[in-house]
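One structure is given below, encoded as structure tokens.
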Amino acid sequence: MIPLTKVAPGREFAPLKIARGEKIFVLTGAGISAESGVKTFRDANGLWEEHRVEDVATPEAFERDPRLVWRFYSERRKRLASVLPNPAHFALASLPEVFLCTQNVDPLHERAGSTQVLHMHGEISKTRCSSCDREPFEDAAGLYFDALPRCHCGGLLRPHVVWFGEIPLGMREIGEALDDCDLFLTVGSSGAVHPAAGFVSHLRNVKNRHGRFARCIYVGLERPDNAHSFDECRLGKAGDLLPSLFDVPSFVGAEGSD
Ligand code: NAD
């Protein structure tokens with residue numbers, strides 16, 4: 001039987017004990033970057049930076065008006081150039097081992113020191129070709145407010161982000177890590193954007209290699225839409241709660257390290 005979700009201010013919960021060898025899957029959403037000054041998706045009236053999502057973040061929008069789409073992403077690139085990570089990003093970067101999967105296209109996990117980050121919705125600092133299979137490339141300084149950028153193949157270049165209606169990146173790797181995890185933590189995600197919003201309900205049906213269900217914990221400002229699938233929803237700001245969220249055993253000096 002699935003236990004009832006416990007929902008309360010984060011400070012009322014004890015730190016999460018992590019046993020040696022436990023596998024942690026962390027999914028982050030726009031909320032983790034909010035305290036760094038990056039607007040979340042649901043900031044104002046369903047508008048994203050004053051634009052309707054359909055006008056700037058769908059393949060149809062790019063086909064209809066690539067200049068508007070590039071202006072939107074160039075503006076976001078410009079702003080993200082000077083944004084700093086906050087204590088929540090640093091807390092995750094200090095964990096010894098974690099599968100870190102983000103829906104965010106910003107580079108704040110990397111700026112905090114995380115080295116292995118799966119950006120399932122792409123990375124805003126990268127550009128790729130909409131026609132050929134050229135690898136996505138770092139293009140943080142590429143601001144396209146007027147002329148449209150072209151690939152050497154002649155195709156139109158596009159931001160390396162996953163738009164609504166497109167398939168997220170790394171789904172096979174994500175599926176494997178989910179099925180194997182002992183602890184699933186989501187930080188700052190409304191639980192409204194799929195497939196990420198469905199990861200937690202998937203874990204309600206899949207036992208890990210130990211034959212157990214993963215513990216599922218949510219940390220964020222308010223109850224997410226998928227709150228019922230979590231064991232606990234710890235409410236509060238990610239930057240306040242994450243630095244003291246984990247009780248991780250010290251590995252230093254254990255097992256006669258040299
Ligand atoms: P969302 O905007 O739908 O939800 C954000 C969630 O974060 C909300 O539930 C909100 O209560 C919570 N939140 C706000 N401030 C918080 C804080 N300080 N601490 C903890 N939680 C806080 O975001 P989503 O679920 O990630 O989905 C939106 C989509 O928009 C994603 O696909 C994402 O790629 C994209 N997006 C990305 C960025 C970014 O890269 N930083 C920013 C906006 C949107």
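Each residue takes its place number in the sequence, starting with 1. In each ligand, atom 1 is the first atom listed, and ligand 1 is the first ligand listed.
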Query raised in the report: Among pairs that include at least one residue of residues 142-166, which meet salt bridge (Lys or Arg N to Asp or Glu O under 4.0 Å), considering only residues two or more places apart or in two chains?
Result: Arg158-Glu166

Report summary line: Honestly, for Ala34 the part within reach of ligand 1 (heavy atoms, under 4.0 Å) is side chain

Report summary line: A student checking ligand 1 against Val38 at a 4.0 Å heavy-atom cut-off should list atoms 41 (N)

Report summary line: Note: ligand 1 atoms sitting under 4.0 Å from heavy atoms of Gly220 are 20 (C), 21 (N)

Query raised in the report: Do any N/O atoms on Ala30 end up under 3.5 angstrom from N/O atoms on ligand 1?
Result: yes

Query raised in the report: Should Asp133 and Arg128 count as an ion pair when the cut-off is N to O under 4.0 Å?
Result: no

**Report entry** Partner of Leu16 by side chain to side chain contact (heavy atoms under 4.5 Å, CB included), out of Asp247, Leu183, Ile24
**Finding:** Leu183

**Report entry** Proximal ligand 1 atoms for Glu35, defined as those under 4.0 Å from one of its heavy atoms
**Finding:** 17 (C), 18 (N), 19 (N)

Report summary line: Note: ligand 1 atoms sitting under 4.0 Å from heavy atoms of Lys39 are 42 (C), 43 (C)

Query raised in the report: Atoms of ligand 1 less than 4.0 Å from Glu222 heavy atoms?
Result: 8 (C), 9 (O), 10 (C), 11 (O)

Report task. May I ask you to identify, for Thr40, whether its side chain, its backbone, both or neither come under 4.0 Å of ligand 1 on a heavy-atom basis? Result -> both

Query raised in the report: Would you say ligand 1 has an N or O under 3.5 Å from any N or O of Ala238?
Result: yes

Requested in this report: Among Arg77, Lys126, Arg134, find the residue that satisfies the salt bridge (charged side-chain N to carboxylate O under 4.0 Å, His left out) test when tested with Asp139.
Outcome: Arg77

Requested in this report: Before accepting this row, confirm whether a basic side-chain N of the pair Asp182/Arg212 lies closer than 4.0 Å to the acidic partner's carboxylate O.
Outcome: no

Query raised in the report: Who gets closest to atom 5 (C) of ligand 1 by heavy atom: Gly188, Gly10, Gly29?
Result: Gly188

Report summary line: Result for salt bridge (charged side-chain N to carboxylate O under 4.0 Å, His left out) between Asp231 and one of Arg204, Lys6, Arg215 points to Arg204

Report task. Describe, in one word, how the ring planes of Phe184 and Phe230 are oriented to each other, choosing from parallel (under 30°), tilted (30 to 60°) and perpendicular (over 60°). Result -> parallel

Query - Within-cut-off N or O pair, Ser190 and ligand 1, under 3.5 Å - result: yes

Query raised in the report: Between Arg71 and Glu75, is there a side-chain N and carboxylate O pair less than 4.0 Å apart?
Result: no

Requested in this report: Report yes or no: do His119 and Glu110 form a side-chain donor-acceptor pair below 3.5 Å?
Outcome: yes

Query - ligand 1 versus Leu221: contacting region, heavy-atom distance under 4.0 Å - result: both

Query raised in the report: Is the shortest N/O to N/O distance between Val105 and ligand 1 below 3.5 Å?
Result: yes

